[in-house]
Amino acid sequence: MNSPAQPLPTFDEVLLCTPQTTAEQVGLFLRRCLIPGSRGEKIYSMLYADELSYDVSCRAEELFQHLKHFNTTYHLVVLCNCEREHSYIPSVFSQYKVHVIPQMPLPEIQQYLQHHYRVAQPSSSAASVFKDNMCVGIVSSKKAGVGK
């Protein structure tokens, strides 16, 4: 995020974990990250890894321990909720834990995201719904069940 030219992560670099994430999904992700040949250019991110079930977490740790010996130049970021830091995955990787505070001001982060999420020609696309022809947006309400 040091310059607007830096791309956003691609679909294969991010795993959004939920309690329903399977061991196979985590395994495929870890193999992409840890198998040599990715030239070390990508930064792989596991989001909400604390949400993984205990069984999936155990299998993920075993696979990680096995595969990390094949590649010493991988880039893996595991993001977890600090309120769930005692769940399995955060505990396993606790020796590498870093509390992160965004280093750039919020307006600069917003500008970077706007640069990447703006649709150039919004000809009858969903982007015309959101402010400034963005292809993503957040819809929220303080009232429950109002059709968001």
Side-chain angles (χ1 to χ4, degrees), residues 1-123 125-140 148:
M1 216 181 94
N2 293 327
S3 79
Q6 287 182 304
L8 291 169
T10 58
F11 70 94
D12 65 327
E13 294 174 86
V14 178
L15 178 64
L16 180 61
C17 301
T18 68
Q20 290 75 37
T21 302
T22 66
E24 289 76 21
Q25 291 170 317
V26 176
L28 288 171
F29 176 79
L30 289 175
R31 282 180 179 84
R32 280 195 301 263
C33 174
L34 297 168
I35 296 293
S38 64
R39 296 184 305 255
E41 297 171 1
K42 294 185 175 189
I43 300 174
Y44 292 89
S45 303
M46 283 181 70
L47 307 177
Y48 304 114
D50 53 296
E51 294 282 330
L52 294 173
S53 70
Y54 181 79
D55 180 52
V56 171
S57 296
C58 290
R59 291 177 62 190
E61 181 202 5
E62 289 173 11
L63 182 60
F64 175 81
Q65 296 298 339
H66 174 71
L67 292 176
K68 75 176 185 176
H69 300 291
F70 295 104
N71 186 359
T72 58
T73 60
Y74 61 89
H75 297 93
L76 175 62
V77 177
V78 180
L79 297 174
C80 300
N81 183 340
C82 64
E83 294 175 4
R84 294 179 42 93
E85 66 182 334
H86 300 294
S87 58
Y88 193 88
I89 291 292
S91 296
V92 166
F93 293 99
S94 64
Q95 62 185 336
Y96 306 107
K97 180 168 52 173
V98 175
H99 291 281
V100 178
I101 298 172
Q103 299 297 309
M104 298 186 82
L106 181 60
E108 287 184 37
I109 295 171
Q110 290 171 330
Q111 185 178 15
Y112 172 82
L113 293 173
Q114 286 174 353
H115 173 76
H116 287 285
Y117 287 122
R118 183 170 286 122
V119 175
Q121 300 296 329
S123 59
S125 75
S128 61
V129 175
F130 295 112
K131 180 181 174 187
D132 297 327
N133 296 323
M134 302 308 254
C135 63
V136 297
I138 297 174
V139 178
S140 65
K148 294 182 282 297

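When reading the values below, keep in mind they use all heavy atoms of this one structure, side chains included, and skip hydrogens, waters and symmetry mates.
The OG1 atom of Thr10 lies 7.0 Å from the OH atom of Tyr44; values are rounded to the nearest 0.5 Å. Taken to the nearest 0.5 Å, the CD atom of Gln20 stands 10.0 Å off from the CD atom of Gln25. Between atom CG of residue Leu47 and atom OG1 of residue Thr21 there is a gap of 10.5 Å, rounded to the nearest 0.5 Å. A distance of 11.0 Å separates CG of Leu16 from OG of Ser45, quoted to the nearest 0.5 Å. Taking CZ of Phe29 as the reference point, atom SG of Cys33 lies at 6.0 Å (rounded to 0.5 Å). Here Leu15 contributes atom CG and Thr18 contributes atom OG1; the two are 9.0 Å apart, rounded to the nearest 0.5 Å.
Here side-chain hydrogen bond (donor to acceptor under 3.5 Å, both in side chains) pairs that include residues 78-87, with residues two or more places apart or in two chains, are Asp50-Arg84, Glu85-Lys97.
Within a 6.0 Å radius of CG in Leu28, more than 12 heavy atoms belonging to other residues, nucleotides or ligands are found. More than 12 heavy atoms of other residues, nucleotides or ligands shown are found within 6.0 angstrom of CZ on Phe93. Annotation for Gln114: atom CD counts as buried by contact number, over 12 foreign heavy atoms lying within 6.0 Å.
Between Ile89 and Ala60, the closest heavy-atom pair is CD1-CB, 4.5 Å. Heavy-atom minimum distance, Met104 versus Ile109: O-CD1, 3.5 Å. Looking at every heavy atom in both residues, Val78 comes nearest to Ala49 through CG1-CB, 3.5 Å.
In this structure the side chain of Arg59 reaches within 4.5 angstrom of the side chain of Glu24, judged on heavy atoms.
No donor-acceptor pair under 3.5 Å is formed between the side chain of Glu51 and the backbone N or O of Cys17.
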For residues 62-70, please give each side-chain donor-acceptor pair under 3.5 Å, one per line with the distance, not counting sequence neighbours.
unit_1 : atom_1 : unit_2 : atom_2 : d
Gln65  : OE1    : Lys68  : NZ     : 3.2
His69  : NE2    : Gln65  : O      : 3.1

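The closest side-chain donor-acceptor pair between Ser53 and Asp55, if any, does not fall under 3.5 angstrom.
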